[in-house]
Amino acid sequence: MNALTLTRPDDWHLHLRDGEAMAAVVGASARQMGRAIIMPNLKPPVTTTKQASAYRERILAALPAGSAFEPLMTLYLTDNTPAEEVERAHASGLVQAVKLYPAGATTNSASGVTDLTLCDAAIAAMARRGVPLLVHGEVTDAEIDIFDREAVFIERVMKPLLDRHPDLKVVFEHITTADAAEFVAAAPDNVAATITAHHLLFNRNHMLVGGIRPHYYCLPILKRERHRQALLEAATSGSPRFFLGTDSAPHAQGDKESACGCAGAFTAPAALELYATAFAQAGALERLEGFASHFGPDFYGLAHNADTVTLVREDWTLPQSLPYADDQRIVPLGAGETLEWKLRD
Ligand SMILES: NC(=O)N[C@@H](CC(=O)O)C(=O)O
Ligand SMILES: [Zn+2]
Ligand SMILES: [Zn+2]
């Protein structure tokens with residue numbers, strides 16, 4: 001196969017940041033994706049419908065001329081999110097979901113939830129209105145090894161949450177383990193998961209063998225090869241419970257290449273090409289369209305995009321870096337590497 005045309009995909013998990021940084025990266029996603037679920041972990045976090053609506057306006061204003069890219073907004077859940085805020089968000093039509101960051105789990109999660117039972121009223125409102133809860137699924141307890149934090153989260157948080165709210169729509173975001181893939185596959189159909197391209201392509205050796213490679217450092221952290229294999233199997237299985245979410249998470253080059261480097265992989269410039277590489281590896285390119293373009297909108301109850309994109313088999317090399325905010329540079333994941341699939345402009 002030398003060309004693959006598919007319904008335009010959407011990105012169900014994307015960090016755009018704000019201000020100059022957002023203006024530097026939004027075009028990369030808008031070029032590939034029809035819509036994206038925009039993560040609310042700004043400083044300060046997007047906790048109200050009013051803030052989400054203002055953030056959406058800033059994104060729309062930063063889009064390249066003529067772009068039809070549609071930002072789908074989210075609220076950042078805190079210990080104090082009132083049920084009324086969920087009602088307001090739902091009624092606005094602009095906010096599609098609410099995001100759970102366990103406090104301290106990842107970038108800008110300090111205002112996150114310390115105890116999920118404090119959020120029961122807000123979550124009950126979400127279940128009532130069919131608003132999905134998007135979950136960064138890692139425990140933060142100091143005694144839990146970083147490689148075990150997702151698996152432990154399933155037992156300690158995810159299962160009790162679904163026991164309390166069996167009808168809640170839940171997206172287990174950026175899953176990284178066989179445990180999470182098995183959990184989602186066996187759960188009722190109000191539970192789904194996003195999978196990043198980097199977790200489909202790389203294991204922890206890519207990050208740590210032959211030198212420490214900070215651009216592969218993201219959360220949840222890359223796992224063993226057997227977990228990567230399980231994720232690839234889930235993504236290419238044809239199950240509508242697994243869909244595309246890049247978790248493209250821009251950080252300036254200097255903040256990644258540092259003694260205490262930030263977590264996050266910037267994959268937006270080659271998102272679809274990276275997914276195509278993974279699906280081609282698994283001999284499942286014909287399953288890419290469902291994963292990238294159909295199963296996400298189906299879960300969210302939205303229409304599929306009306307236009308298409310075409311990937312062609314053509315070698316191209318990812319740039320070493322790209323311009324970012326404040327005259328800084330940003331390094332895309334796979335910088336300097338040659339990819340076999342290219343999105344046709
Ligand atoms: N994935 C990451 O490593 N980082 C994300 C936050 C997140 O999605 O956990 C970020 O905002 O930088
Ligand atoms: Zn996360
Ligand atoms: Zn993320």
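Being a predicted model, the structure only gives us computed values, none of them experimental. Start at 1 and go down the list; that is how both ligands and their atoms are numbered.
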Undergrad: Give the numbers and elements of all ligand 1 atoms closer than 4.0 Å to a heavy atom of Ala263.
TA: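 Once the distances to Ala263 are compared, the set is 2 (C), 3 (O), 4 (N), 12 (O).
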
Undergrad: Can you sort out which atoms of ligand 1 are near Gly264, meaning under 4.0 Å from one of its heavy atoms?
TA: 2 (C), 3 (O), 4 (N)

Undergrad: Heavy-atom contacts under 4.0 Å between Asn41 and ligand 1: side chain, backbone, both, or neither?
TA: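 It is the side chain that gets close, since no backbone atom is under 4.0 Å.
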
Undergrad: Counting only heavy atoms closer than 4.0 Å, does ligand 1 sit against the backbone of His251, its side chain, both, or neither?
TA: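 The answer is the side chain of His251.
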
Undergrad: Are any of the heavy atoms in His13 under 4.0 Å away from ligand 1?
TA: yes

Undergrad: Could you identify the single nearest non-hydrogen protein atom to atom 7 (C) of ligand 1 and state the distance to 0.1 Å?
TA: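 So the nearest neighbour among protein heavy atoms is Thr106 OG1, 3.3 Å.
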
Undergrad: Can a salt bridge be assigned to the pair Arg129 and Glu87 using a cut-off of 4.0 Å between side-chain N and carboxylate O?
TA: yes

Undergrad: I need the single residue from Trp12, Phe299, Tyr275 that forms a ring-ring contact (aromatic ring centres under 6.0 Å, His included) with Phe291. Which is it?
TA: Tyr275

Undergrad: Enumerate the atoms of ligand 1 whose separation from the nearest heavy atom of Ala249 is less than 4.0 angstrom.
TA: 4 (N), 5 (C), 10 (C), 12 (O)

Undergrad: I need the NE2(His13)-the Zn ion (ligand 3)-OD1(Asp247) angle, rounded to 10 degrees.
TA: 90°

Undergrad: Give the ring-plane orientation class for Tyr216 versus His206, where under 30° counts as parallel, over 60° as perpendicular and anything between as tilted.
TA: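 Answer is parallel, since the angle falls under 30°.
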
Undergrad: Tell me, yes or no, whether the heavy-atom count around Ile212 atom CD1, taken from other residues, nucleotides or ligands under 6.0 Å, exceeds 12.
TA: no

Undergrad: If you count the atoms of ligand 1 from 1 in the order shown, which ones are under 4.0 Å from a heavy atom of Cys218?
TA: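 Matching atoms, with element in brackets: 3 (O).
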
Undergrad: Could you tell me whether the side chains of Thr196 and Asp247 share a donor-acceptor contact shorter than 3.5 Å?
TA: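 No, no side-chain donor-acceptor contact under 3.5 Å.
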
Undergrad: Which of the atoms in ligand 1, numbered in the order shown and given with their element, are less than 4.0 Å from a heavy-atom of His174?
TA: 8 (O), 9 (O)

Undergrad: Would you say the Zn ion (ligand 3) has His15 as a near neighbour, meaning an N/O/S atom of that residue under 2.8 Å away?
TA: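 Short answer: yes, at least one N, O or S atom is under the cut-off.
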
Undergrad: Check whether any side-chain heavy atom of Phe69 lies under 4.5 Å from a side-chain heavy atom of Met33, and answer yes or no.
TA: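 Answer yes - side chains close enough.
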
Undergrad: Heavy-atom count around Arg164 CZ within 6.0 Å, excluding the residue itself: above 12?
TA: yes

Undergrad: Taking atom types as modelled, find out whether Thr48 and Glu85 have a side-chain donor-acceptor pair closer than 3.5 angstrom.
TA: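 There is no such pair between these side chains.
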
Undergrad: In degrees, rounded to 10 degrees, what angle do His136 atom ND1 and His174 atom NE2 make at the Zn ion (ligand 2)?
TA: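 Value returned, to the nearest 10°, is 100°.
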
Undergrad: With a 4.0 Å cut-off on heavy atoms, does Met39 reach ligand 1?
TA: no

Undergrad: Would one find an N or O of Leu219, backbone or side chain, under 3.5 Å from an N or O of ligand 1?
TA: yes

Undergrad: Would you say His251 and Arg17 are linked by a side-chain donor-acceptor pair, where the criterion is simply a distance under 3.5 Å?
TA: yes

Undergrad: Under a heavy-atom criterion of less than 4.0 Å, does Arg17 contact ligand 1?
TA: yes

Undergrad: Does CG in Asp327 sit with more than 12 non-hydrogen atoms of other residues, nucleotides or ligands closer than 6.0 Å?
TA: no

Undergrad: Calculate, to the nearest 0.5 Å, the distance between atoms NE2 and OG belonging to His215 and Ser321 respectively.
TA: 9.0 Å

Undergrad: Is there a polar contact between ligand 1 and Asp247, counting only N or O atoms under 3.5 Å apart?
TA: yes

Undergrad: Among all protein heavy atoms, pick the one closest to atom 5 (C) of ligand 1 and tell me residue, atom and distance.
TA: His15 NE2, 3.6 Å

